[in-house]
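Working notes for the structure below.
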Amino acid sequence: MTSRKKTGGLRINIKGMTHSPGGNRGKGRNKPKATGSGSGDSPNTKQRDGTNSPVKVGGVTPWTSKLQDEILSFIEWIVPTAVEHQTRLLVIKQIRQQVFMDYPGATVIPSGSFVTGLYLPEGDIDIVVQLNADDEVVPALKTIAERLRASKVGQGVRVIDRVRVPIIKLNSVYGDFPIDIPINQQGGIRTGKLVNQWLHELPALRGMVMTVKVILSRQLLNEVYKGGTGSFTVILGKFV
């Protein structure tokens with residue numbers, strides 16, 4: 001993976017260690033501490049008989065400590081930078097302006113992983129459009145989709161209406177972010193508030209969720225409408 005320079009981002013506190021991705025990142029990704037033979041490992045990582053069988057030191061096995069360091073290093077690299085976040089805000093603003101062209105009374109609100117900061121660099125943006133209750137959902141989606149095509153704000157714009165929650169799917173011109181746009185779906189907004197509360201109470205949750213999300217993404221198992229696992233399901237899995 002190529003290096004991503006951090007200019008800002010989220011603070012992570014896992015097991016009492018606080019990391020600020022926007023702190024000292026001028027030279028790119030921080031390198032994890034060297035581990036293994038000849039790198040200053042504690043002699044307690046070997047049994048007294050000279051074998052390499054691990055011994056618990058302070059209640060923690062050596063590989064657990066190294067895994068902790070690897071995950072912290074990875075999360076420091078993967079969390080959104082200030083530039084990435086601002087680019088996504090620009091895309092949301094562009095879409096909001098286009099929606100207002102046909103529905104000036106609408107409310108356009110980002111939801112999902114954007115508001116929790118749990119999105120990956122290539123992760124999608126969920127944007128909820130709130131319309132009047134008497135507006136039919138599918139015709140409204142088609143109207144908005146046509147406006148987005150004409151304005152060239154998005155590419156590959158399509159309406160997926162043969163699902164439980166019809167949505168518009170597209171990729172933004174700026175950043176090439178995948179975008180999902182449902183109508184009158186408050187669930188994602190409420191979920192975002194709940195997840196932010198959990199992240200505040202359980203700081204280590206962020207690292208665990210983002211690590212699992214990367215694994216799912218690499219295996220193409222993260223698209224909910226294709227039967228994959230979304231962020232909220234990953235989070236719930238930590239409590240079950």
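Just so we're clear, the structure is a prediction, and the values are computed from it rather than from any experiment. Here, residue 1 is the first one in the sequence, and each next residue gets the next number. The figures that follow rest on heavy atoms only: side chains count, while hydrogens, waters and symmetry mates do not.
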Tell me whether [X] shares a hydrophobic cluster with [Y], the cluster being built from Ile, Leu, Val, Met, Phe, Trp, Tyr side chains joined at under 4.5 Å.
X: Phe74; Y: Leu216; value: yes
X: Ile189; Y: Ile181; value: no
X: Val173; Y: Val91; value: no
X: Val157; Y: Ile92; value: yes
X: Trp77; Y: Ile215; value: no

Please report the shortest heavy-atom distance between [X] and [Y], naming the atom on each side.
X: Asp126; Y: Ser113; value: OD2-N, 4.5 Å
X: Ile160; Y: Lys169; value: CD1-CD, 3.1 Å
X: Ser111; Y: Val128; value: OG-CG2, 3.5 Å
X: Gly192; Y: Thr116; value: O-CG2, 3.8 Å
X: Ile167; Y: Leu141; value: N-CD1, 3.8 Å
X: Pro80; Y: Tyr119; value: CB-OH, 3.2 Å

Side chain of [X], backbone of [Y]: donor and acceptor closer than 3.5 Å?
X: Glu84; Y: Thr81; result: yes
X: Asn184; Y: Leu131; result: yes
X: Thr107; Y: Gln130; result: no
X: Asp135; Y: Ala140; result: no
X: Arg158; Y: Gly156; result: yes

Within a strict 4.5 Å, meaning less than it, do heavy atoms of the [X] and [Y] side chains meet?
X: Pro110; Y: Arg96; result: yes
X: Ile109; Y: Ile127; result: no
X: Tyr174; Y: Gln94; result: yes
X: Glu146; Y: Arg149; result: yes
X: Leu90; Y: Thr87; result: no
X: Gln86; Y: Leu89; result: yes
X: Leu205; Y: Trp198; result: yes
X: Ile125; Y: Asp180; result: no

Separation between CD1 of Ile75 and CG of Leu72, rounded to the nearest 0.5 Å: 8.0 Å

Atom pair CD1/NZ of Ile71 and Lys66 - distance to nearest 0.5 Å: 14.5 Å

Result of checking Val108, Val159, Ile95, Val129 against Ile144 for side chain to side chain contact (heavy atoms under 4.5 Å, CB included): Val129

In chain order, what residues pass the side-chain contact (heavy atoms from CB on, under 4.5 Å) check against [X], with sequence neighbours excluded?
X: Glu122; answer: Leu120, Ser217, Arg218
X: Gln185; answer: Val165, Pro182
X: Val138; answer: Lys142, Asp161, Pro166
X: Asn171; answer: Gln155, Asp176, Pro178

Pairs under 3.5 angstrom only: tabulate donor-acceptor contacts from the side chains of residues 97-105 to other protein residues two or more places apart or in another chain.
{"residue": "Asp102", "atom": "OD1", "partner": "Arg147", "partner atom": "NH2", "Å": "3.1"}
{"residue": "Asp102", "atom": "OD2", "partner": "Arg147", "partner atom": "NE", "Å": "3.0"}

Aromatic Phe114 / basic Arg88 pairing, under 6.0 angstrom, 45° off normal: no

Sequence neighbours excluded - salt bridge (Lys or Arg N to Asp or Glu O under 4.0 Å) pairs with any residue from residues 192-205: none

